[in-house]
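Since the structure comes first, as structure tokens, the remarks are kept for the end.
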Amino acid sequence: MSCPPTLGVLLAGGLARRMGGGDKPLKTIAGRTILERALERLAPQCDGLILNANGDPARFARLGLPVVPDDVPGFAGPLAGILAALDWTAAHRPGVAWVASAAADSPFLPRDFIARLHGARLAAGVPLACAESGGRAHPTNGLWPVALRDDLRRALVVEDVRKIDRWTARHGVAHADWAAEPIDPFFNANTAEDIEEAERLVAAYGEV
């Protein structure tokens, strides 16, 4: 299917506590950072790509991407990163009506991510879509209309909504499903053990 113009955002705003601090997406798997792997998969699907990250943006400078921080205080979670991406798109890419978000610590993102999300949204007749694999939803990996950014800001700032599912349920969300075998495309490298598992998967299956 032909998708409407969609901006991609990789969400790297987390605190990486399970990695002992530092940026999870900058950890390496088989010689390449997780972030580089995610970029390589998502960029060809997008009409532009940005990175949502807090703190000093210089640590991502070599990627050449706009680095957009949250503007909701207090590490409000992934919804704050999604809002930052929607606001950035409205300001800098006014002709783009959609944003697709993906976790920046996902080294195996599917190469049909955006097309499948749009297909699910259209089939269900709802404005939002999120990914699932192996029967498990991944709300951070989703499709968001820029037109809902004011509603999302109100939910975050006025209502203190933090849970993605609580907000998406108000508007209607479709689920696009991917197989979780042999590699779950939404595998998160959250711990040192996850990095080891990702190394094993790359060695076994290559760059799927």
Side-chain angles (χ1 to χ4, degrees), residues 1-14 16 23-72 77-121 127-131 133 138-149 152 164 176 178 185-189 198 207-208:
M1 63 171 281
S2 177
C3 295
T6 303
L7 187 101
V9 57
L10 287 165
L11 301 174
D23 291 291
K24 290 184 292 183
L26 297 181
K27 306 291 184 181
T28 59
I29 295 169
R32 297 169 64 205
T33 67
I34 298 168
L35 185 55
E36 286 169 337
R37 291 175 174 276
L39 282 171
E40 182 268 328
R41 289 166 175 271
L42 191 57
Q45 307 179 47
C46 300
D47 293 83
L49 193 60
I50 62 175
L51 182 68
N52 164 244
N54 299 300
D56 185 358
R59 65 198 196 276
F60 300 111
R62 64 189 179 86
L63 298 171
L65 294 178
V67 179
V68 180
D70 299 350
D71 75 345
V72 176
L79 278 176
I82 291 161
L83 175 61
L86 295 177
D87 285 343
W88 189 95
T89 304
H92 297 276
R93 297 291 304 276
V96 175
W98 297 92
V99 169
S101 65
D105 58 358
S106 299
F108 305 120
L109 287 170
R111 300 182 192 276
D112 59 352
F113 179 61
I114 289 176
R116 294 271 291 277
L117 288 173
H118 274 295
R121 164 187 72 82
L128 300 165
C130 86
S133 59
H138 306 286
T140 299
N141 299 279
L143 184 67
W144 318 90
V146 176
L148 285 179
R149 67 193 182 94
L152 178 54
I164 294 176
W178 279 264
F186 303 103
F187 175 100
N188 285 129
E207 304 295 340
V208 294

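Side-chain N or O atoms of Arg116 include none that pairs as donor or acceptor with a backbone N or O of Pro110 at under 3.5 Å. Under a 3.5 Å cut-off, the side chain of Arg41 and the backbone N or O of Leu109 do form a donor-acceptor pair. Remark: the backbone N or O of Ala103 is paired with a side-chain donor or acceptor of Asn141 at under 3.5 angstrom. Judged by distance alone, with hydrogens and angles left aside, the side-chain atoms of Thr33 form a donor-acceptor pair with the main-chain N or O of Glu36 at under 3.5 Å. Without hydrogens or angle criteria, Gln45 side chain to Gly8 main chain gives no donor-acceptor distance under 3.5 Å. In terms of modelled atom types and a separation under 3.5 Å, the side chain of Asn52 and the main chain of Val68 share a donor-acceptor contact. In this structure, the side chain of Asp56 engages the main chain of Ala58 through a donor-acceptor pair within 3.5 Å.
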**Request:** Decide yes or no on side chain to side chain contact (heavy atoms under 4.5 Å, CB included) for Leu10 and Leu51, but give the supporting numbers first.
**Result:** CA-CA 5 Å; Leu10 287 165; Leu51 182 68; 3.9 Å; yes
**Request:** Run the numbers on Thr6 and Asp47 for side chain to side chain donor-acceptor pair (under 3.5 Å), then give the verdict.
**Result:** CA-CA 5 Å; Thr6 303; Asp47 293 83; 5.3 Å; no
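In this model, a donor atom of one side chain and an acceptor atom of the other lie less than 3.5 Å apart for Trp178 and Asp112.
Closest approach of Leu117 to Gly142, counting heavy atoms only: CD1-C, 3.8 Å. Nearest heavy-atom pair across Phe187 and Ala198 is CE2-CB, 3.9 Å.
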